[in-house]
Enquirer: 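Before I ask anything, let me first share the structure, which is written out below as structure tokens.
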Amino acid sequence: MDSGRLAGGEGSGVRTAATEALEAIVNGVWSEDRETRMDAAREVRRLTKTSARHRRHLAGTIEPLVVMLRDENLECAEVAILALLNLAVKDERNKIKIVDAGALEPLICFLQSTNSNLQEYATAVILTLSATSINKPIISSTSAIPLLIRILKIGNPQAKIDAILALYNLLTITSNLEAILKSQTIPPLITVLKSCNKSSKTADKCCAILESLLAYDEARTALTAEEGGVLTLVEVLEDGSLHGREHAVSALLAMCESDRNRYREIILKEGVIPGLLELTVHGTPRSQSKAKQLLHLLRNSPYQRSELETDTLDNIVSTIVSRMEGEDCAGKAKKMLAEMVQVSMEQSLRHLQQRALICTPSEIPLNSCNSEVPLK
């Protein structure tokens with residue numbers, strides 16, 4: 001028995017039964033007998049599930065567990081993946097050790113597996129390893145990104161969620177944006193976003209990825225081509241978490257800023273105004289600022305509003321929301337704001353029709369002959 005294999009040992013003092021038990025597990029993972037290795041790996045998984053101390057002391061099992069990933073017996077590989085997953089969770093040093101031990105190559109193979117369990121577990125390990133900055137460029141240099149996007153399309157529900165979270169982790173490397181975009185990520189992202197709870201962590205990360213991708217024209221085109229793509233972002237803007245709403249409004253703003261004439265009507269058609277008005281009051285500081293910018297871009301008039309008009313809008317919206325009573329304040333506010341917008345549109349249309357009856361086109365001021373929706 002090589003006692004040096006037991007990481008974070010108890011020193012040269014009295015050997016305890018617990019120490020001997022951990023050493024036996026380490027020895028078992030190094031065993032030449034497959035069944036012994038598998039039993040030991042199961043113990044590693046069990047002990048490291050909730051114990052940071054055991055993750056530290058059993059770090060010596062990482063190397064043989066990585067060797068087990070290459071075993072032709074898929075059950076052996078599966079127990080090794082699960083043991084490595086628990087060793088990596090909440091332990092930065094183990095995450096790095098697992099990558100250094102060569103785990104990425106077999107894990108990448110499992111991302112392509114037709115065995116849905118192996119694919120799911122490998123995705124979970126990639127997600128966990130990608131949480132450490134040192135590992136991100138190493139993972140990015142492999143074929144992990146296109147395979148994670150493939151899992152977004154064909155994986156089981158849990159694998160899809162973990163793939164999204166892993167892609168989000170890898171976004172901190174700017175060059176990965178183009179790699180993610182090249183793999184036609186928009187359609188599967190929207191599919192997941194449509195089906196998940198709009199206030200969930202998954203929705204938050206989907207919208208964060210979309211916000212980053214929409215800096216590219218190719219992504220904006222793909223989003224508008226996807227049925228319900230823009231509408232899904234509007235739904236997150238209305239019903240998402242604070243972070244999700246922030247990402248959603250930023251994504252829509254990026255679209256409108258890139259080409260107002262192209263995207264203004266597309267965004268307006270999905271009924272975004274009530275949600276934006278509410279966000280100017282109840283969002284994060286960044287959300288409030290982005291919502292106001294987007295509201296300005298969605299107006300018909302190309303001219304700047306006065307500061308007085310902007311302040312009036314904020315005061316009106318604040319007053320409406322503050323006077324809502326009952327449990328569903330946000331819902332009532334949205335309904336009232338939607339009704340106000342509809343009434344304003346009808347009033348504007350009637351006003352224009354009346355002006356048309358008494359004015360010739362040359363007599364109508366350019367800044368008053370439009371279908372602008374007054375924001376209230």
Enquirer: Is it the case that Ser199 and Asn197 place a side-chain donor and acceptor less than 3.5 Å from each other?
Expert: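 Yes, Asn197 and Ser199 have a side-chain donor paired with an acceptor closer than 3.5 Å.
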
Enquirer: Roughly how far, to the nearest 0.5 Å, is the CG atom of Asn135 from the OG atom of Ser140?
Expert: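 Answer rounded to 0.5 Å: 10.0 Å.
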
Enquirer: Do Leu129 and Leu107 make a side-chain contact, defined as non-hydrogen atoms from C-beta onward lying under 4.5 Å apart?
Expert: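 Answer yes - side chains close enough.
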
Enquirer: Measure the CG-CG distance between Leu252 and Leu233 for me, rounded to the nearest 0.5 Å.
Expert: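 CG of Leu233 is found 5.0 Å from CG of Leu252.
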
Enquirer: Could you please spell out the steps behind the salt bridge (Lys or Arg N to Asp or Glu O under 4.0 Å) verdict for Glu211 and Arg286?
Expert: CA-CA 14 Å; Glu211 179 188 351; Arg286 181 170 180 255; 2.8 Å; yes

Enquirer: Report the hydrophobic cluster partners of Leu165, with the cluster defined as I, L, V, M, F, W, Y residues connected by side-chain heavy atoms closer than 4.5 angstrom, directly or transitively.
Expert: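 Hydrophobic cluster check, Leu165: joined to Leu127, Ile161.
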
Enquirer: With the side chain counted from C-beta on, respond yes when Val99 and Thr132 share a heavy-atom pair under 4.5 Å apart, and no when they do not.
Expert: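 Side-chain contact under 4.5 Å: no.
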
Enquirer: CG of Asp91 to CD1 of Ile96: how many Å apart, nearest 0.5 Å?
Expert: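 Here the rounded value is 9.5 Å.
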
Enquirer: Does a donor on one side chain and an acceptor on the other come within less than 3.5 Å for Asp162 and Gln158?
Expert: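 On atom types as modelled, these side chains qualify, holding a pair under 3.5 Å.
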
Enquirer: When you compare the side chain of Asp100 with that of Ile62, does any pair of heavy atoms fall below 4.5 Å?
Expert: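 Not touching, per the 4.5 Å side-chain cut-off.
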
Enquirer: If the test is side chain to side chain contact (heavy atoms under 4.5 Å, CB included), which one of Leu147, Ile145, Ile151 qualifies with Ile149?
Expert: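 The option that passes is Ile145.
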
Enquirer: In the structure I gave you, are the side-chain heavy atoms of Leu152 and Leu167 within less than 4.5 Å of one another anywhere?
Expert: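 Yes, their side chains come closer than 4.5 Å.
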
Enquirer: Are the side chains of Val79 and Arg45 in contact, using a 4.5 Å heavy-atom criterion?
Expert: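 Contact flag for Arg45/Val79 side chains = no.
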
Enquirer: Dump the intermediate steps for side chain to side chain contact (heavy atoms under 4.5 Å, CB included) on Asn94 and Arg55, then the final yes or no.
Expert: CA-CA 8 Å; Asn94 282 355; Arg55 291 183 198 113; 4.0 Å; yes

Enquirer: Count I, L, V, M, F, W, Y as connected when their side-chain heavy atoms are under 4.5 Å apart, and connections chain through other members. Are Leu177 and Leu148 then in the same cluster?
Expert: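 Yes, same cluster.
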
Enquirer: Assigning hydrophobic clusters by single linkage (Ile, Leu, Val, Met, Phe, Trp, Tyr; side-chain heavy-atom cutoff under 4.5 Å), is Leu297 placed with Val234?
Expert: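 Yes, because Leu297 and Val234 connect within a single hydrophobic cluster, where side-chain heavy atoms sit under 4.5 Å apart.
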
Enquirer: Can you hop from Val29 to Leu74 via hydrophobic side chains spaced under 4.5 Å?
Expert: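 Yes; Leu74 is reachable from Val29 via cluster members.
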
Enquirer: Tell me whether Leu214 is reachable from Leu268 by hopping between hydrophobic residues (I, L, V, M, F, W, Y) whose side-chain heavy atoms are closer than 4.5 Å.
Expert: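 Yes: a chain of side-chain contacts under 4.5 Å links Leu268 to Leu214.
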
Enquirer: Ser116 and Asn156: side-chain donor and acceptor closer than 3.5 Å?
Expert: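 Absent: no donor and acceptor within the cut-off.
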
Enquirer: Salt bridge check, Arg37 against Asp71: does any charged N sit closer than 4.0 Å to a carboxylate O?
Expert: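 Between Arg37 and Asp71 there is a salt bridge, with a charged N closer than 4.0 Å to a carboxylate O.
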
Enquirer: If you define the side chain from C-beta out and look only at heavy atoms, does anything of Cys207 sit under 4.5 Å from Leu193?
Expert: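 Cys207 vs Leu193: side chains touch.
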
Enquirer: Go through it in stages, so that I can follow the logic: the residues are Arg42 and Asp39, the test is salt bridge (Lys or Arg N to Asp or Glu O under 4.0 Å), and I'd like the CA-CA distance, side-chain angles, deciding distance and then a yes or no.
Expert: CA-CA 5 Å; Arg42 292 187 184 100; Asp39 287 342; 2.9 Å; yes

Enquirer: Walk me through whether Lys201 and Asp204 qualify under salt bridge (Lys or Arg N to Asp or Glu O under 4.0 Å).
Expert: CA-CA 5 Å; Lys201 183 178 180 181; Asp204 291 352; over 6 Å; no

Enquirer: Is it true that Glu105 and Arg70 have a side-chain N and a carboxylate O under 4.0 angstrom from each other?
Expert: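 Yes, charged N to carboxylate O under 4.0 Å.
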
Enquirer: With a 4.5 Å limit on heavy-atom distance, are the side chains of Arg220 and Ser258 in contact?
Expert: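 Result yes, sub-4.5 Å side-chain heavy-atom pair found.
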
Enquirer: Got a donor-acceptor contact below 3.5 angstrom from the Lys198 side chain to the Lys194 backbone?
Expert: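 Present.
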
Enquirer: Where do Thr128 and Lys95 land on the side chain to side chain donor-acceptor pair (under 3.5 Å) test, with the steps shown first?
Expert: CA-CA 8 Å; Thr128 304; Lys95 288 181 176 73; over 6 Å; no

Enquirer: Between Tyr216 and Ile266, is there a shared hydrophobic cluster once you connect ILVMFWY residues whose side-chain heavy atoms come closer than 4.5 Å?
Expert: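 Hydrophobic grouping puts Tyr216 with Ile266.
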
Enquirer: Judged by modelled atom types alone, do Thr123 and Gln119 share a side-chain donor-acceptor pair under 3.5 Å?
Expert: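 Judged by distance alone, the side chains do not pair up.
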
Enquirer: Pairing donors with acceptors under 3.5 angstrom, does anything connect the side chains of Thr284 and Glu246?
Expert: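 The criterion, which ignores hydrogens and geometry beyond distance, is satisfied for Glu246 and Thr284.
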
Enquirer: Give a yes or no on whether the backbone of Ser31 and the side-chain of Thr36 come within a donor-acceptor separation of less than 3.5 Å.
Expert: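 No, Thr36 side chain to Ser31 backbone: no donor-acceptor pair under 3.5 Å.
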
Enquirer: Check whether any side-chain heavy atom of Arg262 lies under 4.5 Å from a side-chain heavy atom of Thr221, and answer yes or no.
Expert: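 Yes, side chains in contact.
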
